[in-house]
Amino acid sequence: MNNKEHTGVKKLILPGCNGENGMVPKNFGLVSIIIANYNNEKFIDRFMNLLEVQTYKNFELIVVDDGSVDQSIKRVEPYKSRMSIKIIRIDHEGVGVARDVGIQLAKGDFFMFLDVDDTFSKKHIESYVNELMYSKCDIALIPVLKNREKSFNRDEIVAIKELVQDILNGDISGWLHQIITKSWVWKKVSFLKNVDYAEDVFALKMIANEHPDIKVHIRGEISPTYVYEQNEASVTNSPSESSINKIITLNEIMGLKYTSDDSMQLFLKRQMIYAYSLSLRLGQQKLTRKVRSELLYGPLKKYLSKSEMIKVSLGLFAIKSRMGL
């Protein structure tokens, strides 16, 4: 199947396309790998080398450079003779905008979203395509390794709305590098501009709103092929005023958008408590007062338990891991 023959994933025939040992053939269906690059010069060569050795060869790489000021894109150029690569440069507008641009450029039957600073095995793409096609669902959610632990173990087929609910409740992580989708899933769906924190969660929420009948195979029984690396610049490892402001912006935008959605408000409460913990750790008094005020006097107040209200009032929160991100 060449690129000109791609007319949509619905025309891909399943059982008759089986390869040896019941596996999807290694050139079955074009996979669009979409990445948002921002100053990833430190990791880009490793990332490109990992793609070059993939056992599944029928993929295109869509690199959307989000206003980088380093040499990362220059380092991608030599690989254009070895694999299908599209590069587009945009002004720095955040990962969501960059991914939207990538989706518009993608021609694949399947979409995957990878992060340049993460690592993965040589069978990563092959494994994801195989799991999606044999699940007969539109999305496959596959565990990754984070801090040497598997991100989840559940194995079941659920409606997209049920998955999103579980993510908002903190019962399962919602990272996009855990999923592979059929391309049509992203029709009429876009990332939220100015939201650069938990943007994956809200992309899945938008998919659920637009395509409520989608089924997702949560495939927790298989071994991870992807490692979610915690680099030094991450929010958790290197909290900053910028990180706190991203969470505050998230609360402002999503709080207004989902005023009557209790699950969303509880999710936002947890993120704002995390922001409060970060501000205490950094000694950012102005931000601490701002987050405390939003928690104690804003719309999230009714979602605080008595013990949480006391802890916020007295500044007793310690740093905790983000839930559901």
Side-chain angles (χ1 to χ4, degrees), residues 94-96 144 146-147 149 151-152 162-178 191-206 208 228 230-325:
V95 63
V144 302
K146 179 184 178 184
N147 298 326
E149 293 185 1
S151 56
F152 61 87
E162 183 179 341
L163 171 64
V164 171
Q165 186 66 51
D166 288 345
I167 292 171
L168 292 176
N169 290 342
D171 297 328
I172 193 168
S173 52
W175 306 308
L176 283 187
H177 52 235
Q178 293 182 134
F191 288 81
L192 292 166
K193 192 172 183 179
N194 299 322
V195 174
D196 284 329
Y197 181 91
E199 67 279 350
D200 294 4
V201 174
F202 298 107
L204 292 172
K205 175 76 169 174
M206 297 287 282
Y228 180 12
Q230 293 290 282
N231 68 70
E232 295 174 357
S234 69
V235 172
T236 303
N237 292 336
S238 183
S240 64
E241 184 175 344
S242 174
S243 303
I244 299 168
N245 280 320
K246 285 181 179 180
I247 301 174
I248 292 172
T249 299
L250 168 75
N251 180 61
E252 291 172 348
I253 294 174
M254 303 313 297
L256 287 175
K257 188 175 179 66
Y258 295 101
T259 54
S260 59
D261 188 326
D262 287 344
S263 294
M264 181 64 70
Q265 295 297 323
L266 286 167
F267 175 83
L268 292 173
K269 179 198 74 172
R270 292 198 302 274
Q271 309 320 310
M272 287 294 281
I273 287 175
Y274 179 72
Y276 185 55
S277 299
L278 290 180
S279 67
L280 289 171
R281 174 181 172 184
L282 293 173
Q284 295 281 355
Q285 295 184 4
K286 184 177 180 180
L287 284 176
T288 298
R289 288 194 296 269
K290 185 174 183 178
V291 178
R292 182 194 293 127
S293 177
E294 183 61 33
L295 285 167
L296 293 179
Y297 307 110
L300 295 177
K301 177 182 178 180
K302 70 176 183 177
Y303 297 98
L304 289 176
S305 66
K306 288 184 178 179
S307 62
E308 287 173 334
M309 194 167 293
I310 292 171
K311 288 181 180 180
V312 170
S313 299
L314 299 178
L316 299 179
F317 273 102
I319 297 295
K320 293 184 178 180
S321 297
R322 288 172 291 170
M323 296 182 66
L325 294 180

> What residues, two or more places apart in sequence or in another chain, satisfy side chain to side chain donor-acceptor pair (under 3.5 Å) together with D196?
Replying inline: none

> Partners of S260 by side-chain contact (heavy atoms from CB on, under 4.5 Å), sequence neighbours excluded?
Replying inline: none

>> So, using side-chain contact (heavy atoms from CB on, under 4.5 Å) as the criterion, who are the partners of E308 when residues are at least two apart?
In response: K269, I273, L304, S305, F317

> E162: what forms a side chain to side chain donor-acceptor pair (under 3.5 Å) with it, not counting sequence neighbours?
Replying inline: none

> At their closest point, which heavy atom of G170 faces which heavy atom of R270, and how far apart are they?
Replying inline: N-NH2, 3.4 Å

> Side-chain contact, heavy-atom cut-off 4.5 Å: N251 with I247?
Replying inline: no

> Looking only at heavy atoms, what is the nearest atom pair of L176 and D200, with distance?
Replying inline: N-OD2, 2.9 Å

>> As an exercise, state the distance from CG of D166 to CG of D171, rounded to the nearest 0.5 Å.
In response: 5.0 Å

> Do K205 and D261 come within less than 4.5 Å of each other through their side chains, counting heavy atoms only?
Replying inline: yes

> If you round to the nearest 0.5 Å, how far is OG of S173 from OH of Y228?
Replying inline: 9.5 Å

> Looking at residues at least two apart in the chain, or sitting in another chain, which of them share a side chain to side chain donor-acceptor pair (under 3.5 Å) with Q165?
Replying inline: N169, S263

> Any donor-acceptor pair under 3.5 Å linking the side chain of S279 with the backbone of Q284?
Replying inline: no

>> Would you compute the distance between atom OH of Y258 and atom CD1 of I253 and round it to the nearest 0.5 angstrom?
In response: 12.0 Å

>> Let me confirm one number: the CD-CG distance from E199 to L192, rounded to the nearest 0.5 Å.
In response: 10.0 Å

> Got a sec, which residues hit ring-ring contact (aromatic ring centres under 6.0 Å, His included) with F202, two or more places apart in sequence or on another chain?
Replying inline: F267

>> Taking salt bridge (charged side-chain N to carboxylate O under 4.0 Å, His left out) as the definition, give me every residue that meets it alongside D262, ordered by chain and number, with sequence neighbours left out.
In response: none

> What are the two closest heavy atoms between Q178 and S151, and how far apart are they?
Replying inline: OE1-OG, 2.7 Å

> At what distance, to the nearest 0.5 angstrom, does CD of Q285 lie from OG1 of T288?
Replying inline: 7.0 Å

Counting only pairs under 3.5 Å, give me each side-chain donor-acceptor contact of residues 290-302, with atom names and distances, residues two or more places apart or in other chains.
unit_1 : atom_1 : unit_2 : atom_2 : d
R292   : NE     : Y276   : OH     : 3.3
R292   : NH2    : Y276   : OH     : 3.4

> What residues, two or more places apart in sequence or in another chain, satisfy side-chain contact (heavy atoms from CB on, under 4.5 Å) together with L256?
Replying inline: none

> Do E241 and L287 come within less than 4.5 Å of each other through their side chains, counting heavy atoms only?
Replying inline: yes

>> Let me confirm one number: the CG-CD1 distance from L204 to I167, rounded to the nearest 0.5 Å.
In response: 5.0 Å

>> Could you work out, with ring-ring contact (aromatic ring centres under 6.0 Å, His included) as the rule, every residue matching F191, not counting sequence neighbours?
In response: W186

>> I'd like to check the side chain to side chain donor-acceptor pair (under 3.5 Å) partners of N194; sequence neighbours left out, ordered by chain and number.
In response: none

> Looking at L250 and A198, what are the two nearest heavy atoms and their distance?
Replying inline: CD2-CB, 4.3 Å

